[in-house]
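A short write-up of the structure that comes next.
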Protein chains: 2
Amino acid sequence: MSKFQDLVIQNGREIAVRPGDHLFNQGDSDSNVYFVKSGILKAYYIRADGKEHIKSFLPEGSIIGSMVALVDDDPCSFSLVAVEDGAVVGLPFSRLKEAARQDIGLANVLIDFLSVYGKRKERREYELLSLSPEERYSVLLEGMHDVAERVNQADLAAYIGVTPQALSRIKRRIKS
Amino acid sequence: MSKFQDLVIQNGREIAVRPGDHLFNQGDSDSNVYFVKSGILKAYYIRADGKEHIKSFLPEGSIIGSMVALVDDDPCSFSLVAVEDGAVVGLPFSRLKEAARQDIGLANVLIDFLSVYGKRKERREYELLSLSPEERYSVLLEGMHDVAERVNQADLAAYIGVTPQALSRIKRRIKS
DNA sequence: GGCTGTAATTAACCGAGGTTCATTTGTCGA
DNA sequence: TCGACAAATGAACCTCGGTTAATTACAGCC
C-alpha cells in the first residue's frame, strides 16, 4: 500500500457504488482522485459516433482521476463508472496539490503517485501501439485474469479495441 | 518555458547529435531526462518480430525520458534517436529525485513535469484507442504540422501505426 | 418447466490495412 | 547531366476486424 493510497483513504470521503453508478462523466469538472476499496470501476470514452472505448479497468487497490482535470481543472476527458457493487474513496486533488506546495512530504507522495501513473500509461501505450488485438487479449488474461472473469465480453472487447464479435472470434482462434 | 526545462538546461550536459545517433537503446539503463534544444528526436519500440513502432516525436522544446527507467531504474522500454542534426541536454533524473526529497521548490517542479507527462500520455492513449489511422494522421497534421514535414513517410507511418504503403493510400484518399 | 430479456456466439459480406513486388520520384555525388 | 541509391507510390492478393443479422446460451421469474 503506497503512501498516496493511505493518504487518500484517511482523508477522503467514502462512497458506496452500484453497477452503473458514475463517479463522473466525460465533460464534468471533477478534480477528485478516487481509491477503489472494493469492486471494479471502468474508465471509458464515448466517441462522437457513440462508440465506447475503455481506457482501463480499476479493480480494488487502484487509484484513478482524470489527469487533465486534476492538473488544469479542465473538463474530464473520460467517464468513470462502477461495474460491480463496491466502495470507493474520493479526495479533492486540488487541495492536495495546494498543500504539497508547502509540505515536502506530501509533495514526494504526489511525485510517487504521478510516477506510477506515468509508468502505467507508458505500458498501455506500448500495448496499444505494438500489440495486435489478439495479443492484447492474451496480455489482459495474464496480467488481470480476475478482472477478465468479472467483466462482460462487451467491456473486454471495448478495452482491447474491437467489437464483441471480433473478441468472440479471437477466443475461438486461441482455443484451437 | 517551464521551470523543469530551465532546470535541465542549466544543470545538464549538452550533447550534439546527428541523424541516427542514439541517446539510449531499448534495454539500456539510462535514467537521464533529455531536453531537445534543436532538431527532432524519435522514441520508438522494436518488437520481437523486428517491426518498429514510434511512441513520439520530440521537436525542439520537448522533454523525454523512459519513465520506468527514471522511476525504478529499470531498463529503458524504448530507444531514443535523433532524426535531424541537433542538440540535446541530458540530466540524471535520480539526482533530481534525490534533491527533491529535501527541496520543496524542486519537488513542485518535478510534480509539474510529471503532470505534463501524464497529460501527454493520456491524450496519446485516447488517439490510439479511439481514432482510426486516417484520423490519427489528420490529428498529426493539425497538431504537429512542422514535424510531419520534417520526418519521412516511413516514420510517420510507424507513428500512426500502419505501413508506409497504407499511409500512402490514406494520403490519396484524403486528397480526393 | 416455460417465458423473457440479455449476453454471447456464429454466419455472411464488405472494406481497410498487411504483404509482396514493381514502378516512379527524388536526391546527391561523380 | 548522368547514374545510383533511397524514398515514395502503386498494384494485386490476402487476412482480419467491422457490420448486420440470426442463432444459441443463460439467468431470473412467473
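What you are looking at is a predicted structure, and each value in this text was computed from that prediction instead of being measured.
- Geometrically, Lys121(A) engages Tyr117(A) in a cation-pi contact defined by less than 6.0 Å to the ring centre and at most 45° from the axis.
- Taking 4.5 Å as the limit, every side-chain heavy atom of Arg136(A) sits out of range of all side-chain heavy atoms of Leu140(A).
- Between the CZ atom of Arg173(B) and the P atom of dA11(D) there is a distance of 14 Å, given to the nearest Å.
- Side-chain contact of Ser132(A) with Glu135(A): a donor-acceptor pair under 3.5 Å is present, judged by distance alone.
- Proximity of residues 156-170 of chain B to DNA chain C (heavy atom under 4.0 angstrom from any strand atom) is restricted to Gly161(B), Val162(B), Thr163(B), Gln165(B), Ala166(B), Arg169(B).
- Here the options are Glu14(A), Glu84(A), Glu60(A), the test is salt bridge (charged side-chain N to carboxylate O under 4.0 Å, His left out), and the partner is Lys37(A); only Glu14(A) passes.
- The shortest distance between side-chain heavy atoms of Val17(A) and Ile15(A) falls below 4.5 Å.
- Looking only at side-chain heavy atoms (C-beta outward), Ser138(A) and Leu131(A) stay at 4.5 Å or farther from each other.
- For the pair Arg124(A) and Tyr159(A), the cation sits on the ring face: its NZ or CZ lies under 6.0 Å from the ring centre, inside 45° of the axis.
- Applying a 4.0 Å cut-off to non-hydrogen atoms, none of the residues of residues 123-144 of chain A approaches DNA chain C.
- The phosphate of dG10(D) (OP1 or OP2) has no side-chain N or O of Lys171(B) nearer than 4.0 angstrom.
- Rounded to an integer number of Å, the gap from Asn152(B) CG to dG26(C) P is 16 Å.
- Relative orientation of the Phe113(B) and Phe4(B) rings is parallel, given thresholds of 30° and 60° on the angle between their planes.
- Within the structure, a side-chain polar atom (N or O) of Arg172(B) is placed less than 4.0 Å from OP1 or OP2 of dG10(D).
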